[in-house]
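This report refers to the structure that appears directly beneath it.
Because only heavy atoms are used, hydrogens play no part in the values below, and waters and symmetry mates are left out as well, while side chains stay in. Nothing fancy with the numbering, it's 1 onward along the sequence. The structure displayed is predicted, hence computed values, not measured ones.
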Amino acid sequence: MARYHGSNINPKKFERSQIKIILAVLPLALFTGLPIVFIVCHAFKPMDELFAYPPKFFVSKPTLDNFIKLFRASQASGIPMSRYVFNSLIVAGVVVIASIFMSTMAGYALSKLKFKLKNTLLEINNMALMFVSVAVMIPRYLVIDFLGIKNTYFAHIFPLLALPVGLFLVKQFIDQIPNALSEAAYLDGASEFTIYRKIIMPLIKPAIATTVILSFQAVWMNVESSNLYVTDDSMKTLAFYMNTLASQNNTVAGQGIAAAASLIMFIPNLLVFIILRKSFMNTMTHSGIK
């Protein structure tokens, strides 16, 4: 029986055997990359190309007019765009860091520790994967209202702290870590937190990177909290502001603003994924392999 070698999945040097794989994957890669190309081209199209018939996929005469109109529209508002950017960065930073600690700590407990209702809690997390945000919108509002955190940063942060898919992936990754490592640490007198910090965390960096990507995407594009839990405009996020600009300029002339706003909101997501893509792919490769 042939043995499995994980290194063959991603060899360091080019091999002839890769040619057939490249020929098979390249068309799919180009096809999936078309939306990204379209978003970039659409943001730089002049007005006549935005409404050309038949529609043009690529831009012929790129221009910065759409971005100039966007920043002029933002200057006309009472609150500067920098305030919305600041709010989004604060919320995204706190949510990402908190999600890492919550997912890794819970994943370690559900994977390696023994306690009552362990399987029940895991099933509850798995069930949470089936619920969309609209289904829990009213309960979230009632909780936030009860806690008295409306019009605060906590109204943005609190609903996004739990990341069921992140916990599931982290738990699956920790399952692959041999129990012998933690047992040896116990014999040396290490505490649970020491094992979590010095053994588990360094070995699950790919899963952590995946959690960062998923949590950042969830919070960066989120407009629910600004719509439902925040009435003070100075406490709202960049995603809400960009959506507001696009809706307020929902005319023929405003389509260029909407295109530029879409690109600005998309770029941070793309950069985060590009930076962490290698670790993300490692998580997808190993999360189901024991």
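Of all non-hydrogen atoms in L34 and F57, the two that sit nearest each other are O-CZ, 3.4 Å.
With rounding to the nearest 0.5 angstrom, the CH2 atom of W220 is 13.5 Å from the CG atom of L160. Taken to the nearest 0.5 Å, the CD1 atom of I100 stands 10.5 Å off from the CG atom of L163. Here the straight-line distance linking atom CD1 of I200 with atom CD1 of I177 works out to 4.0 Å at 0.5 Å rounding. Separating the OH atom in Y229 from the CG atom in L147 is a distance of 12.0 Å, to the nearest 0.5 Å.
For T152 (side chain) and I149 (main-chain N/O), a donor-acceptor pair under 3.5 Å exists by modelled atom type.
Contact check for L110 versus L167: side-chain heavy atoms found under the 4.5 Å cut-off.
Between Y196 and Y108, the ring planes are tilted. Angles from 30° to 60° get that label.
The closest side-chain donor-acceptor pair between S225 and N222 falls under 3.5 angstrom. A side-chain donor from one of Y186 and E192 sits under 3.5 Å from a side-chain acceptor of the other. Side-chain contact annotation: T237 with N87, donor-acceptor N/O pair under 3.5 Å absent.
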Would you please test M235 and K150 for side-chain contact (heavy atoms from CB on, under 4.5 Å) and show each step?
CA-CA 10 Å; M235 292 299 299; K150 290 193 297 184; over 6 Å; no

